[in-house]
S.K.: 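Here it is, the structure, as structure tokens.
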Amino acid sequence: MSAPFDSDTINPACPVVETEAGVRLTEATPPGHHLPPISSVVRPVTRTILATVTPEGKAGEDTGPDLGFLDTAMRPVPSFPLDALPAGVRDLIAGMAQGQRTHPAFLVTSVLATLAAAVGTSAHLQINAEWREPSAMWALLVGASGSGKSVSMRQTVNVLTEIGLGALRQTVPDPNREAVAQMVRAEQLRRTRRKIREGLDQDEVDFSSYRLPEAAAPPPGLITCTSTTLSGILDKLQAQPRGLLLAQADVIGLLRGATLRSDEGRAALLQGYDGDPYVRERANGAQILPALLLSLCGGVQPDKLKHVVGHEDDGLFARSLVTYPQIVRDTDLPSRSAPATKRFEGVLRQAYALPASPSAFGGHPVLITEHAWRAVGPASRRWAAEASETTGMLASTYNRATTQALRLAFVLAILDHALADKAGLPPSVGDAYVRSAIRLLDENYLPSAERALDAAQARPDPDADLRAIAIFIARAVEGFDFNVRELREARRAPCYRDRAAWEKAVDRLLRLGCIAEAPRRNRTGRTRADYQAHPAFLSAARKAWSAASA
């Protein structure tokens, strides 16, 4: 005799009837179900008691099926590990959060990306003679509107913008003095041309000595850039060699702009992560930029993540430090005390004053200590193992985790050095900063990347076919019993007529205790592939389908 469904096992959208055997059966499918009539798909078979089926499919004490594969909820992100930061950096973040409420994950990420851009080509991390990492960082702040992304950028990116504007105001020449300078330069050019003509009359062939005086160096330009065109970005880099911080409160405006809609723009942005030289073709000839170095800091709402992530893994997502915290609204008003933005402004001014180099690796090298390098090893091997167990953008993210850890440690060391009122750059990056960076990645940035891929529906899902087949079985089964062959060939069946996929799914469901083989009527003839579904499995699979449909 079959075990009756419990009251919470029946889908409330399905009417039930009582059979002579006392078994409650579904008579109709849930609303919106467009499968063929159940009678044409499922062949009734002898019912057995499923209440005594174990996950191994053997009789014994019922432990219930393992239904974890039906859970498609996004991965939750734990609290941001503030204790992983150096003490001085923790105090800075706490002070900056006093004026306006925002999540510390947003603040820390925006602070590090902004400082990396301010350092730019003036310094780089030296791992060995061949391996060097520039000071560039890409940050994506993921959160709903009003969650504090813009608040964090106002206290970091906007401060760097004001520093650049102040430098430009100081270098604006007086109009009268500029007019005189142009007249002097025109006269110098006239005299140089006259000397060249006189030399030609005297059959001179070497004119290397006829040179105009070197023009004054161009004034320092803005480090921050909101331009969405490739030509605008390259023009700004040509004006100043430090590099640029591409920053927008809504990064979709940048990623959907003309910069990235073209193949050339996308390739240029990806190249900007490593700061390699860039050859710019112009009408009057090729123009060489010694360093195309770009940092990025922008916010994005969860429902727009699919536009950032895209469908192809070109490396943009893997290069980004993604922070996607769980925002808990605080109804209390923030403190009225002055935030610590002025203190961070001093750090940025110190970095901005460092002499920029024309190339990404021409500035001051900061060495990593031997102990710090050894601390990277175990984490690097662990991330490589994680990458080998998945595919797509998540695998690329884990493959780049070592690079991200090194750059994080580098910028953390610079920030902590400046907050300790020490001039210049730190002499080296120690193991304390590397361990801090590893914890930030393990506890925030890598889980946030997985959470973002879940939201964008771009994370590899090895249980996708299994889940689809299981939900199809639960929707189509009448009572407990079903025949795999008939379901596999039913209209709109997932993995339609794919015997291998169905056999793999059925074998997994058997091992998980979700289904059990039905007893055979005789011991001869062809196996009928008849199975019985566990009531708890049917209930959970139907609920998962209802949640997905909603």
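Just so you know, residue 1 is the first one in the sequence shown, and it goes up from there.
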S.K.: Using the salt bridge (charged side-chain N to carboxylate O under 4.0 Å, His left out) criterion, which residues pair with Arg132? Sequence neighbours excluded.
M.R.: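 Counting only residues at least two positions away or on another chain, Arg132 forms no salt bridge (charged side-chain N to carboxylate O under 4.0 Å, His left out).
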S.K.: I'd like to know if the side chain of Arg266 reaches the main chain of Leu316, judged simply by a donor and an acceptor atom lying under 3.5 Å from each other, with no hydrogens or angles considered.
M.R.: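 No: the side chain of Arg266 does not pair with the backbone of Leu316.
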S.K.: Please check if the side chain of Ser122 supplies one atom and the backbone of Val119 the other of a donor-acceptor pair under 3.5 Å.
M.R.: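 Yes, because the side chain of Ser122 sits within donor-acceptor range (under 3.5 Å) of the backbone of Val119.
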S.K.: Can you tell whether the side chains of Arg382 and Glu386 come within less than 4.0 Å, N to carboxylate O?
M.R.: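 Salt bridge: no.
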S.K.: Can you pull out every ring pair (Phe, Tyr, Trp, His ring centres under 6.0 Å) where at least one residue sits in residues 441-468? Sequence neighbours excluded, please.
M.R.: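 Of all non-adjacent pairs touching residues 441-468, none passes ring pair (Phe, Tyr, Trp, His ring centres under 6.0 Å).
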S.K.: Report yes or no: does Arg280 contribute a side-chain atom to a donor-acceptor pair with the main-chain N or O of Ile288 at less than 3.5 Å?
M.R.: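 Between the backbone of Ile288 and the side chain of Arg280 there is no qualifying donor-acceptor contact (under 3.5 Å).
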S.K.: Is the side chain of Ser380 donor-acceptor paired with the backbone N or O of Thr402 at a distance under 3.5 Å, no angle test?
M.R.: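 Not confirmed, Ser380 side chain does not pair with Thr402 backbone.
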S.K.: Can you name the residues that form a side chain to side chain donor-acceptor pair (under 3.5 Å) with Asp274, not counting sequence neighbours?
M.R.: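 If we apply the side chain to side chain donor-acceptor pair (under 3.5 Å) test to Asp274, skipping adjacent residues, the hits are Arg407.
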S.K.: Can you tell me which residue pairs pass the ring pair (Phe, Tyr, Trp, His ring centres under 6.0 Å) test with a partner in residues 409-441, sequence neighbours excluded?
M.R.: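 Those involving residues 409-441 do not exist here.
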S.K.: Please enumerate all residues that pass side chain to side chain donor-acceptor pair (under 3.5 Å) together with Trp131, with sequence neighbours excluded.
M.R.: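 Only Glu133 meet the side chain to side chain donor-acceptor pair (under 3.5 Å) criterion with Trp131.
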S.K.: Quick one: list whatever passes salt bridge (charged side-chain N to carboxylate O under 4.0 Å, His left out) with Arg154, sequence neighbours left out.
M.R.: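 Arg154 satisfies salt bridge (charged side-chain N to carboxylate O under 4.0 Å, His left out) with no other residue.
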S.K.: Listed by chain and number, what are the side chain to side chain donor-acceptor pair (under 3.5 Å) partners of Ser396, not counting sequence neighbours?
M.R.: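 Listed in chain order: Asp313.
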S.K.: Report yes if the side chains of Ser110 and Cys297 come closer than 4.5 Å at any heavy-atom pair, otherwise no.
M.R.: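 Side-chain contact under 4.5 Å: yes.
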S.K.: Can you list the residues that meet the salt bridge (charged side-chain N to carboxylate O under 4.0 Å, His left out) rule with Asp276, with sequence neighbours excluded?
M.R.: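 If we apply the salt bridge (charged side-chain N to carboxylate O under 4.0 Å, His left out) test to Asp276, skipping adjacent residues, there are no hits.
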S.K.: If you round to the nearest 0.5 Å, how far is CD of Gln238 from CG of Leu289?
M.R.: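 Nearest 0.5 Å value for the CG-CD distance: 4.5 Å.
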S.K.: Quick one: does NZ or CZ of Arg349 land under 6.0 Å from the six-membered ring centre of Phe344, within 45 degrees of the ring axis?
M.R.: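 Not flagged: Arg349 not positioned over aromatic ring of Phe344.
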S.K.: Do any N or O atoms from the side chain of Arg451 and from the backbone of Pro325 form a donor-acceptor pair under 3.5 angstrom?
M.R.: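 Such a contact is absent between Arg451 side chain and Pro325 backbone.
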S.K.: Mind checking what makes salt bridge (charged side-chain N to carboxylate O under 4.0 Å, His left out) contact with Arg435, not counting sequence neighbours?
M.R.: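 Scan of Arg435 (salt bridge (charged side-chain N to carboxylate O under 4.0 Å, His left out), adjacent residues dropped) gives Asp431.
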S.K.: Judged by atom type as modelled, is there a donor-acceptor pair below 3.5 Å linking the side chain of Arg319 to the main-chain atoms of Gly315?
M.R.: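 Judged by distance alone, yes, a pair lies under 3.5 Å.
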S.K.: If a pair satisfies salt bridge (Lys or Arg N to Asp or Glu O under 4.0 Å) and one of its residues is in residues 293-307, list it, with sequence neighbours excluded.
M.R.: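 Residue pairs passing salt bridge (Lys or Arg N to Asp or Glu O under 4.0 Å), neighbours aside: Asp250-Lys304.
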S.K.: Please check: side-chain N/O of Gln248 versus main-chain N/O of Leu254, any donor-acceptor pairing under 3.5 Å?
M.R.: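 The answer is yes, because a donor-acceptor pair under 3.5 Å joins these two groups.
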S.K.: Identify, with sequence neighbours excluded, every residue that meets side chain to side chain donor-acceptor pair (under 3.5 Å) alongside Gln350.
M.R.: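 With sequence neighbours excluded, Gln350 shows a side chain to side chain donor-acceptor pair (under 3.5 Å) to no residue whatsoever.
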S.K.: Applying side chain to side chain contact (heavy atoms under 4.5 Å, CB included), name anything that partners Leu293, two or more places apart in sequence or on another chain.
M.R.: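 Checked Leu293 against side chain to side chain contact (heavy atoms under 4.5 Å, CB included); matches are Thr121, Pro134, Ala136.
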